[in-house]
Amino acid sequence: MSAEERLREERLRKLEDLRRRGIEPYPARCERTHTAQQLHERFANLPPGEETDEHVWVAGRVMGRRVLGKASFWDLRDGTGRIQLLLSQDALGEERYELLLRDVDLGDFLGAYGRVVRTRRGELSVRVEDYRVLAKALRPLPEKWHGLKDQEARYRQRYLDLLVNEPSRKTFETRSRIVRTMRRFLDERGFLEVETPILQPIYGGTAARPFTTYHNELEQTLYLRIAPELYLKRLLIGGFERVYEIGKNFRNEGISTRHNPEFTMLECYQAYADYNDMMELAEQMIYAIAQELGLERLSYQEHTIDLTPPWRRLTLREALLEHTGLDIEALPTHEALWEAVQRKGLFVDEQPTWGKLVDELVSEYVEPRLIQPTFLLDYPREISPLAKAKPTAPHLVERFEPFIGGLELGNAFSELNDPLDQRERFKQQEEQRRRGDEEAHPLDEDFLLALEYGMPPTGGLGIGVDRLVMLFTDARSIRDVILFPALRPKQEPS
RNA sequence: GGGCCCGUAGCUCAACUGGCAGAGCAGCUGGCUUUUAACCAGAAGGUUGGGGGUUCGAGUCCCUCCGGGCCCA
């Protein structure tokens, strides 16, 4: 028997011992009059050594234990904090006291009843007169002092990570606050929260490979959405002027410190707005989150970042001129640009088109250096099939991506609402697909039909929620901000 | 997909140049009625991620597979 199994056997033995003595280790009900936090608030001014007449029931997990013989001190933790239990043979009687010491382990859930006191050393405690075993744990918790450090275990058994690593718990509380603040920000501005299909007959809204599934009854292939964009636009056509959705997108691609196959996205659309309005919306929203968290200036990895609006606006042309010395407007063809890239000895892979080459150069030489909040704007038209062309430069579109700390945090356009132009763009994408581009946008006749009924001029904005949480929690990997990140299955010896 | 690093007791970590696998916490036994990582004493706990190889001898060197981390694509 392994050491692990022996520890489990030991606890099973205790569980049986409890049952033999008529104690159900998994009772259906439990009494609780106060949380730990409520007690700490209510008795904040109780002086050391003082006792109250107040009797309370507390409940929680046993996280620590100091046994001094016929008296002992136990740490009970609930969702709000920690409270000490003071147990003695005097108060419980020999039998009940011995049973507790013998059969209750660290990690078990315990309810305790007694008087609220403060010990001579100043620790608020419950002097226990009665107790209930609430749930027996069969496996030991990770070590109390060092916590759980093993990265793999922290991801695979997140409950243990949350249980013993305070910073991890804080990260996910912060994540929740960020999403809540986003909702409040948009709700206050008249945006309507909606839900659109995750199972889609045609995927679209961005360039990515999808997960494929099948509906048995309909005998139909369906795709998990890579973006909600095309459905949200249908709502603009339907007359809603401001909508947003926060939800999971699914992209069948590699896993990295910045990519999880399912990830959370905010998309919002505002009628009668353009990408300039969406820039303001984005910086205001992220600043509002920063204010909520008290992080208007924050540290991300080795950087100090100031989120105060307005943020820097930088066109791709300016950015590439600055970081590579290439003027893409003076190199308007694929051949000319590639020739210049090679002449300069720039280190990028060859790309099939001018637009993709520009994108590649930006990814390689510009994005990692965008530490302070920056909107990169005016992208090549051919890599942006859902964005409206710039009136002054039809080979470019009104599109931007926000960058902070080198992280790409989103994507936004003045949305293309010309149904004939949209059809042309889809056809160009089909052509790219024929040339082997698996990520080319599929042609969506149902969406084109909707667009032909008329969509108002609209600004759209997508924000990657996970990456935003990374920024605000100083996380190096997206896995640190996703409760249950995607991992390869661990092979169990059979 | 490529390169580098890591995987030792339930948890956190040791183990020199290849030479008896070791400690703390947890658990077990005993002691202790005001502790705060309580303390004191004792005994126990290992397929060193899996498989193969080199060697008198492998946690350590080599090959391979699995998982994780970092960097690159």
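Values below: all heavy atoms of this structure, side chains included; hydrogens, waters and symmetry mates excluded. So that the names make sense, note that chain A is the first sequence line, chain B the second, and so on, each numbered from 1. This structure is a prediction, so every number in the text was calculated from the model and none was measured.
Note on A/Arg488: a side-chain N or O is less than 4.0 Å away from OP1 or OP2 of B/G68. Under 4.0 angstrom from either OP1 or OP2 of B/C28 there lies at least one side-chain N or O belonging to A/Lys14.
If you check B/U34, B/G68, B/U36 against the side chain of A/Arg66, the one that comes closest is B/U36. For A/Leu487, the side-chain atoms get nearest to B/G68 when compared with the rest of B/G10, B/U34, B/G68. The nucleotide whose nearest atom lies closest to any side-chain atom of A/Arg476 is, among B/C71, B/U33, B/G46, B/C71. Here the side chain of A/Arg82 is nearest to one of B/U36, B/C13, B/C32, namely B/U36. The A/Leu148 side chain lies nearest to B/C11 when the options are B/C11, B/G10, B/G69. When distances are taken from the side chain of A/Asp105 to each of B/C28, B/A38, B/U12, the shortest belongs to B/C28. Checking B/U36, B/A73, B/C28 against every side-chain atom of A/Glu10, the shortest atom distance belongs to B/C28. Listed nucleotides: B/G46, B/U33, B/U36. Nearest to the side chain of A/Asp90: B/U33. Which of B/G45, B/C70, B/U36 sits closest to the side chain of A/Thr119 comes down to B/U36. Distances from the side chain of A/Asp349 to the nucleotides B/A73, B/C11, B/A9 place B/A73 closest.
The P atoms of B/G45 and B/G53 are separated by 29 Å, rounded to the nearest whole Å. Taking atom P on both B/U48 and B/G2, the two are 29 Å apart, rounded to the nearest angstrom. Look at the C1' atom in both B/G30 and B/U34: the space between them is 22 Å, to the nearest Å. With P as the reference atom, B/A21 and B/G57 are 15 Å apart, rounded to whole Å. B/A58 and B/C20 have their C1' atoms separated by 14 Å, with the value rounded to a whole Å. For the C1' atoms, the distance from B/A9 to B/G27 is 12 Å, rounded to whole Å. B/U17 and B/U60: their C1' atoms are spaced 10 Å apart (whole Å). To the nearest whole angstrom, the two C1' atoms, one in B/C61 and one in B/G19, are 14 Å apart.
At the heavy-atom level, A/Val67 lies under 4.0 Å from base atoms of the strands shown. A/Arg8 comes within 4.0 angstrom of no nucleic acid atom, judged by non-hydrogen atoms across all strands. A/Glu364 comes within 4.0 angstrom of the backbone, heavy atoms only, and of no base. A/Gly147 comes within 4.0 angstrom of sugar-phosphate atoms only, judged by non-hydrogen atoms across all strands, and of no base. Within 4.0 Å of A/Glu123, counting heavy atoms only, lies at least one base atom of the nucleic acid. Backbone-only contact: A/Arg156 has heavy atoms under 4.0 Å from sugar-phosphate atoms and none from a base. Among the atoms of the strands shown, base atoms are found under 4.0 Å from some heavy atom of A/Lys70. Residue contacts for A/Leu68: at a heavy-atom cut-off of 4.0 Å it reaches a base atom on one of the strands shown.
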Might you list the N or O atoms of the protein lying below 3.5 Å from N or O atoms in nucleotides 23-26 of chain B, with each pair's distance?
unit_1, atom_1, unit_2, atom_2, d
B/A26, OP1, A/Lys144, NZ, 3.4

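Summarising the local packing, OH of A/Tyr26 is surrounded by more than 12 heavy atoms from other residues, nucleotides or ligands at distances under 6.0 Å. Around atom CZ of A/Arg209, no more than 12 heavy atoms belonging to other residues, nucleotides or ligands sit under 6.0 Å away.
In summary, A/Asp161 and A/Arg158 engage in a salt bridge, as defined by a charged side-chain N under 4.0 Å from a carboxylate O. Ion pairing of A/Lys170 with A/Glu166 is present here, as a side-chain N (NZ or NE/NH1/NH2) and a carboxylate O approach within less than 4.0 Å. Using a 4.0 Å cut-off between charged side-chain N and carboxylate O, A/Glu54 and A/Arg42 make a salt bridge.
At a cut-off of 3.5 Å, with distance as the only test, a side-chain donor of A/Thr80 or A/Asp78 sits close to an acceptor on the other residue. For the residue pair A/Gln428 / A/Arg381, no side-chain donor-acceptor distance below 3.5 Å is found, with atom types taken as modelled.
Comparing A/Ala486 and A/Lys149 by the nucleotide of RNA chain B whose heavy atom lies nearest to each, the residue mapping closer to the 5' end is A/Lys149.
The ring of A/Phe400 has its center closer than 6.0 angstrom to the ring center of A/Phe375.
Regarding A/Leu100, its CG atom lies at a distance of 15 Å from the C1' atom of B/U33, rounded to whole Å.
The salt bridge (Lys or Arg N to Asp or Glu O under 4.0 Å) test with A/Asp17 singles out one residue from A/Arg19, A/Lys14, A/Arg13, A/Arg21, and that residue is A/Arg21.
A/Tyr113 is linked by a ring pair (Phe, Tyr, Trp, His ring centres under 6.0 Å) to A/His55, A/Trp57, counting only residues two or more places apart in sequence or in another chain.
In a base pair of the Watson-Crick type (N1 to N3 plus N6-O4 or O6-N4) or a G-U wobble (N1-O2 and O6-N3), with each distance short of 3.5 Å, B/C4 is matched with B/G69.
Judged by the 6.0 Å distance and 45° axis criteria, A/Arg225 is not positioned over the aromatic ring of A/Phe250.
Between A/Glu318 and A/Glu322, every side-chain heavy-atom pair lies at or beyond the 4.5 Å cut-off.
A heavy atom lying under 4.0 Å from RNA chain B marks the following residues of residues 255-264 of chain A, by number: A/Thr257.
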